[in-house]
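Let me begin by presenting the structure, written as structure tokens, before commenting on it.
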Amino acid sequence: MTSISRLAVVTGANRGIGLETCRQLAELGIKVVLTSRSIDEGQAAADALSSQGLDVRFHPLDVKDDASVLRLADFLRAEYGRLDILVNNAGVFLDASGPTGSGASVFNTEIALIRDTLETNTFGPMRVTKALVPLMQGRGNVVNLSSGMGQLSEMEGQYPAYRVSKTALNALTRIFADELAKTRIKVNALCPGWVRTDMGGPDATRSLAQGAETAVWLATLDEDGPSGGFFRDKEPIPW
Ligand code: NAP
């Protein structure tokens, strides 16, 4: 079994905030298992970080697929026997935009689209967290990439699938944190802000480096850090 100081898993890490989170965690000396559903893209992303001297390794993971999640858990158990950090980053934005934004109205949204979005954005993190928390052996950090669009306190119309999926992810964050309160496993959610990725688009206000910053902070909290919180720019924000 391989001996390392700290071990992190990041989901949906072949591009965007997930890939940048892998980079920043590895730059802190943390061993990173970069996961993605595309083997070619994930392996290429991990190779690119490794070629810069970072300790990054690829493993396939589709967060919608129970068997894929269990294969990752088996790999981690056999290879390392533990896990310290889980960043639930993988996400989709499936709501239609339409020329005037009207396509994203709840009145134009099929329930199947909401169900499909929940499968990745909400049940994905739940599936992966349930499978990997036992490897944390009572100590570790779980980080959920949520969104301000899931905040009930600022809830507006449009984009119901994405909004509902992230509100539900926030609820799961509280549920996991409460059930793990007697351990030293912390579970927190964050909004990365509006970040220039394929999802955020080129007009977004934040760089990738800024977008990953709070996720990395939560991933590396020490034992005195918060659990069951929702953060942006390393500060608590309303649910
Ligand atoms: P992105 O560039 O679209 O990347 C999304 C990642 O999720 C991709 O690697 C994608 O893989 C992966 N993914 C999707 N479905 C998956 C599945 N079933 N299994 C495994 N991986 C899957 O998005 P991003 O902007 O980096 O977003 C990362 C996270 O931040 C998301 O949870 C998003 O909701 C959240 N967020 C982003 C913003 C923003 O402004 N960008 C704002 C608030 C919150 P493929 O390449 O295979 O599709």
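Small disclaimer: the values here were computed from a predicted structure and weren't measured. In listed order, ligands and their atoms are each counted from 1.
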Check whether the side chains of [X] and [Y] place a donor and an acceptor atom closer than 3.5 Å, and report yes or no.
| X | Y | answer |
| --- | --- | --- |
| Arg163 | Gln151 | no |
| Asn14 | Ser38 | no |
| Ser227 | Asn188 | no |
| Asp62 | Ser68 | no |
| Asn89 | Thr11 | no |
| Ser207 | Gln210 | yes |

Query - Carboxylate-amine/guanidinium proximity below 4.0 Å for Arg115 and Glu110 - result: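 Between Glu110 and Arg115 there is no salt bridge, as every charged N stays at least 4.0 Å from the carboxylate O atoms.
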Among all the protein's non-hydrogen atoms, which is closest to [atom], and how far away is it?
| atom | answer |
| --- | --- |
| atom 23 (O) of ligand 1 | Met199 CB, 3.5 Å |
| atom 19 (N) of ligand 1 | Val63 N, 3.0 Å |
| atom 38 (C) of ligand 1 | Gly193 O, 3.8 Å |
| atom 18 (N) of ligand 1 | Asp62 OD1, 2.9 Å |
| atom 5 (C) of ligand 1 | Gly91 O, 3.6 Å |
| atom 3 (O) of ligand 1 | Arg15 NH1, 3.1 Å |
| atom 13 (N) of ligand 1 | Ala90 CB, 3.9 Å |

[X] and ligand 1 - part of the residue with a heavy-atom distance under 4.0 Å:
| X | value |
| --- | --- |
| Pro192 | side chain |
| Lys166 | side chain |
| Tyr162 | side chain |
| Ser38 | neither |

Among [options], closest by any non-hydrogen atom to [atom]:
| atom | options | answer |
| --- | --- | --- |
| atom 44 (C) of ligand 1 | Pro125, Cys191, Ser146, Gly42 | Ser146 |
| atom 20 (C) of ligand 1 | Thr11, Thr197, Leu61 | Leu61 |
| atom 28 (C) of ligand 1 | Thr117, Asn89, Leu169, Thr120 | Asn89 |

Requested in this report: Return yes when Gly148 approaches ligand 1 closer than 4.0 angstrom through a heavy atom, no otherwise.
Outcome: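 The answer is no: ligand 1 sits nowhere under 4.0 Å from a heavy atom of Gly148.
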Requested in this report: Please confirm whether Ser68 comes under 4.0 Å of ligand 1, counting heavy atoms of the residue only.
Outcome: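 Not so, Ser68 does not reach ligand 1.
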Which atoms of ligand 1 sit under 4.0 Å from any heavy atom of [X]?
| X | result |
| --- | --- |
| Asp198 | 2 (O) |
| Trp194 | 40 (O) |
| Gly200 | 40 (O), 41 (N) |

Query raised in the report: Taking C-beta and beyond as the side chain, do Asp116 and Lys64 meet within less than 4.5 Å on heavy atoms?
Result: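 Asp116 vs Lys64: side chains touch.
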Requested in this report: Determine whether Asn88 and Leu145 make a side-chain contact, defined as any pair of heavy atoms from C-beta on separated by less than 4.5 Å.
Outcome: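 SC-SC contact between Asn88 and Leu145 ruled out.
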Query raised in the report: What about Val195: any of its N or O atoms under 3.5 Å from an N or O on ligand 1?
Result: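 It does: an N or O of Val195 is found under 3.5 Å from an N or O of ligand 1.
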**Report entry** Polar proximity ligand 1 side, Gly12 side, N/O cut 3.5 Å exclusive
**Finding:**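 N/O-N/O distance below 3.5 Å exists for this pair.
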Query raised in the report: Could you walk me through whether Arg139 and Glu223 pass the salt bridge (Lys or Arg N to Asp or Glu O under 4.0 Å) check?
Result: CA-CA 8 Å; Arg139 175 189 297 202; Glu223 289 183 6; 3.2 Å; yes
Query raised in the report: Relative to the ring of Phe230, is the ring of Trp239 parallel (under 30°), tilted (30 to 60°) or perpendicular (over 60°)?
Result: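 Because their plane-to-plane angle is under 30°, the rings of Trp239 and Phe230 count as parallel.
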**Report entry** Val87, Thr35, Leu135 screened by side-chain contact (heavy atoms from CB on, under 4.5 Å) with Val9, the one that passes
**Finding:**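 One option only clears the test, and that one is Thr35.
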